[in-house]
Amino acid sequence: MTANPTFETVLVRTDGPVGIITLNRPKQLNALNDQLMDELGAALAALDADDAIGCIVLTGSDKAFAAGADIAAMARYTFSDVFGSEYITRNWEALRRVRKPVIAAVAGYALGGGCEVAMMCDIVIAADNAKFGQPEVKIGVIPGAGGTQRLPRAIGKAKAMDLVLTGRTIDAEQAERWGLVSRVVPLASLMDEALATAHAIAALPRLAVLAAKEAVNRAFEGTLSDGLMYERRLFHAMFATEDQKEGMAAFLEKRAAQFRNR
Ligand code: CAA
């Protein structure tokens, strides 16, 4: 494991082919300010560009994944600040641009922007103490980083309205039943589970993993016909890779595949 000293609000390390980013404003329950979102964007871009990395884990502390956008920073903003300079929301698209899989390992509060960041990740593994919600209405705003769009797609309109209009929180078990998270594990095994999953993904043929993520994401963006065609073409494209030849040959020869990410 190596440490990256350049950031203050996120910690970056690697564990073999897995990049691990830890949100690091513990006193503010990892409230998401512009510095943190800028540093998170830079850390994600660096790991995404690193050929040695096959999967990224994003986590917070045991008490908070992130308790939302930084209210102390936001409180003084005017409309022209947020609309003109995109304070608070300017770097929130960084997660969307990451091509490698990102696993959110969520313990404690994932509220407001914290819930939205978790939803931007590809797999959400929640500790049994995790709490999810979009409490923005309680402070006179609405979700601003995808909550009103990704939540209905994740859990349906009725349940999304229940959360967004009341601002109430739900626990990890409820979030799993509703389809907001992929798995719930005891807090003590959260990072082990996330890292084991990340290592398993990183060991798979890289091009197929990138294509699979792209295809699933397509399901959220357009019509079924477009998505099915997109998936089919990506499936066809996999036949141009060396790992497809190797993966299928290894299966037929009953041996372990040697993938080269080509
Ligand atoms: N922004 C700034 N600071 C925050 C914060 C936030 N979102 N959430 C918590 N903090 C700070 C608190 O102000 C407190 O700081 P001090 O010790 O200096 O007073 C510290 O973190 C600890 O918080 P609490 O004392 O409140 O801890 P708690 O355990 O009693 O409560 C909590 C935890 C329920 C998460 C509560 O802190 C809370 O409700 N936080 C705000 C949640 C929220 O409204 N999030 C949505 C923000 S808006 C948004 O995210 C917009 C968007 O979509 C982009």
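Computed from a predicted model, the values in this text were never measured in an experiment. As a basis for the values below, the full set of heavy atoms in this structure was taken, side chains included, without hydrogen atoms, waters or symmetry mates. One-based numbering, in listed order, for ligands and for the atoms of each.
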Closest heavy-atom contact between K213 and V98?
-> NZ-O, 2.9 Å

Looking only at heavy atoms, what is the nearest atom pair of Q174 and D171, with distance?
->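 Minimum heavy-atom separation between Q174 and D171: N-OD1, 2.9 Å.
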
Side chain to side chain, Q258 and E246, heavy atoms closer than 4.5 Å | yes

When you measure from atom 23 (O) of ligand 1 to every protein heavy atom, which one gives the shortest distance, and what is it?
->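 Of the protein heavy atoms, L29 CD1, 3.6 Å lies nearest.
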
Considering only the protein, which heavy-atom contact is closest to atom 31 (O) of ligand 1, and what is its distance?
-> Y109 OH, 4.3 Å

Heavy-atom distance to [atom]: which of [options] wins?
atom                    : options        : value
atom 6 (C) of ligand 1  : G167, A69, A72 : A69
atom 43 (C) of ligand 1 : A31, A67, P26  : A67
atom 10 (N) of ligand 1 : K63, Q28, R25  : Q28

Could you tell me which atoms of ligand 1, counted from 1 in the order shown, lie closer than 4.0 angstrom to a heavy atom of [X]?
X    : value
E116 : 52 (C), 53 (O), 54 (C)
M74  : 48 (S)
G113 : 49 (C), 50 (O), 53 (O)
P143 : 53 (O)
L111 : 35 (C)
K27  : 20 (C), 21 (O)

For atom 19 (O) of ligand 1, is the nearest protein heavy atom under 4.0 Å away?
->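 No.
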
Any N/O pair I139/ligand 1 closer than 3.5 Å |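 No, no N or O pair falls under 3.5 Å.
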
Electrostatic pair E116-R150, nearest N-O below 4.0 angstrom =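 No, E116 and R150 are not salt-bridged.
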
